[in-house]
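Accompanying notes for the structure given below.
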Number of protein chains: 2
Amino acid sequence: MARKLSTLDPQRLDNQICFAVYSAAHAFNRVYKPLLDRLGLTYPQYLVMLVLWERDDVPVKDIGERLFLDSGTLTPLLKRLEAAHLVKRTRSSEDERQVLIALTPQGQSLKERARSVPQSILAASACSVSELVAMKDEIVALRDRLNAVIGE
Amino acid sequence: MARKLSTLDPQRLDNQICFAVYSAAHAFNRVYKPLLDRLGLTYPQYLVMLVLWERDDVPVKDIGERLFLDSGTLTPLLKRLEAAHLVKRTRSSEDERQVLIALTPQGQSLKERARSVPQSILAASACSVSELVAMKDEIVALRDRLNAVIGE
DNA sequence: TCACATTTAATTGTTCGCAATTGAATGTAG
DNA sequence: CTACATTCAATTGCGAACAATTAAATGTGA
């Protein structure tokens, strides 16, 4: 019996989409790093700021649902953003279990300084916007199918 | 002047391919977790094993180039695989700077037990093989363009 | 009202991931 | 052969990421 051709071997690293996604995520991170360094943000912190620039004064849980992250990741991250004077953390008075995250004026104004980031990423992608949008939609659809499986 | 529609706003989270990739990587990780738990591996450890199952007795640097990881990540990870009796680390006698990573018999035989993993991932992806291969190729091409930019 | 479950953040401990540095081995130019 | 640079792995320090647990607040059923 002939051995499986390596280009079809499902156990081969280069045939696995998960490694493609994993390594692409790291490549994005490395492209973002010098851009975000100037803003004093890490990439996950930048994601949190993107969420807050869309809507402010939201509980930690909402940010977590948006980014698929839990309090174990977000609590220390938000404390660092607070230490950097970009957000304020306050217990909700209606529901004392919740901690509401609000932008400070510095946090608000950082949005302007971050405006050029997406274009830089687009340039580094060396790819048309329409192609990127199509890929993004496919990847999001795949992610959502995977997340559906996790919830059984 | 009209404000940009949010579906076109490049600063909007859901319009960013990097977040799609980032969140898909985490979704994959969560799907892999129960499968790899049974093998006693984390996902990055599984990637290292995939590399070693293809070719054995290679220096740390080769594994790093394959997975885009450096010694700061790999050294402790490989020590954990050694502690789990899956690999052996030995200084090369030809070049004493290199540490060669070889599979133990347990490390070799784990490949059989891991054979079903890719099918489980395929099932969770809820997607045809040809679609996945096409997506993988696109993502790899994007990753390689990003990595090309990093190297200036 | 009282007991119990649920929700929400925080905490603890382990593992990645990377920048920066170190130290030893090797390569190279003069 | 002697300086000097380069390569390679290890180390240190910091910031994610997540499982598991904790504690407080809230919701619910009897």
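Protein chains get the first letters and strands the later ones, always in sequence-line order, with residue 1 at the start of each.
In this structure, the CG atom of B:Leu69 is 16 Å from the P atom of D:dC8, given to the nearest Å. Look at CG on A:Leu77: it is 15 Å from P on C:dT11, rounded to the nearest Å. Taking atom CG of A:Leu41 as the reference point, atom P of D:dC14 lies 19 Å away to the nearest angstrom. Note: CG (B:Leu47) to C1' (C:dT15) measures 14 Å, nearest angstrom. If you take CG of B:Leu78 and P of D:dC8, they are 16 Å apart, rounded to a whole angstrom. Atom-to-atom, CD of B:Glu82 to C1' of D:dA9 comes out at 14 Å; the value is rounded to the nearest Å. Rounded to an integer number of Å, the gap from B:His26 NE2 to C:dG17 P is 10 Å. When the C1' atom of C:dA25 is taken as reference, atom CD of B:Glu96 falls 8 Å away, rounded to whole Å.
For the pair A:Arg30 and C:dA19, the criterion of a side-chain N or O lying under 4.0 Å from OP1 or OP2 is not met. Under 4.0 angstrom from either OP1 or OP2 of C:dT11 there lies at least one side-chain N or O belonging to A:Lys79. For B:Arg91, no side-chain nitrogen or oxygen approaches OP1 or OP2 of C:dA24 to under 4.0 Å. The phosphate of C:dA10 has OP1 or OP2 within less than 4.0 Å of a side-chain N or O from A:Thr75. Between A:Arg80 and D:dA16 there is a side-chain N or O to OP1 or OP2 distance below 4.0 Å.
A:Pro59 comes within contact range of the sugar-phosphate backbone alone, with a heavy-atom separation under 4.0 Å but no base atom that close. Within the 4.0 angstrom heavy-atom criterion, only backbone atoms of the sugar-phosphate kind lie near A:Thr42; the bases stay farther away. A:Asn29 comes within 4.0 angstrom of no nucleic acid atom, judged by non-hydrogen atoms across all strands. Within 4.0 Å (heavy atoms only), A:Leu74 reaches no atom of the nucleic acid at all.
Ring to ring, B:Phe28 and B:Tyr43 are not that close: their centroids are 6.0 angstrom or more apart. Aromatic pair B:Tyr32/B:Tyr46: centroids less than 6.0 angstrom apart.
Taking the side chain of A:Ser71 as heavy atoms from C-beta on, and the options D:dT6, C:dA10, D:dG15, the nearest nucleotide is C:dA10. In this structure, of C:dA10, C:dA19, C:dA24, it is C:dA19 that holds the atom nearest to the side chain of A:Lys33. The side chain of A:Val99 lies closest to C:dA10, out of C:dA10, D:dA16, D:dA10. When the nucleotides C:dT8, D:dA17, D:dA10 are ranked by their closest atom to the side chain of A:Gln98, C:dT8 comes out on top. Here the side chain of A:Asp70 is nearest to one of D:dC18, D:dA10, C:dT26, namely D:dC18. Distances were taken from every side-chain heavy atom of A:Lys61 (C-beta onward) to each of C:dT8, D:dC8, D:dA10; the shortest belongs to C:dT8.
In plain terms, the two heavy atoms of B:Arg97 and B:Arg91 that are nearest each other are O-NH1, 3.0 Å. Scanning both residues, B:Asp62 and B:Arg55, for their nearest heavy atoms gives OD2-NH2, 3.9 Å.
The residue among A:Val60 and A:Tyr22 whose nearest nucleotide of DNA chain C is located toward the 5' end is A:Val60.
Note on A:Glu112 versus A:Arg115: salt bridge recorded, some NZ/NE/NH1/NH2 to OD/OE distance being below 4.0 Å. Between B:Arg66 and A:Asp14 there is a salt bridge, since at least one side-chain N of the basic residue sits less than 4.0 Å from a carboxylate O of the acidic one.
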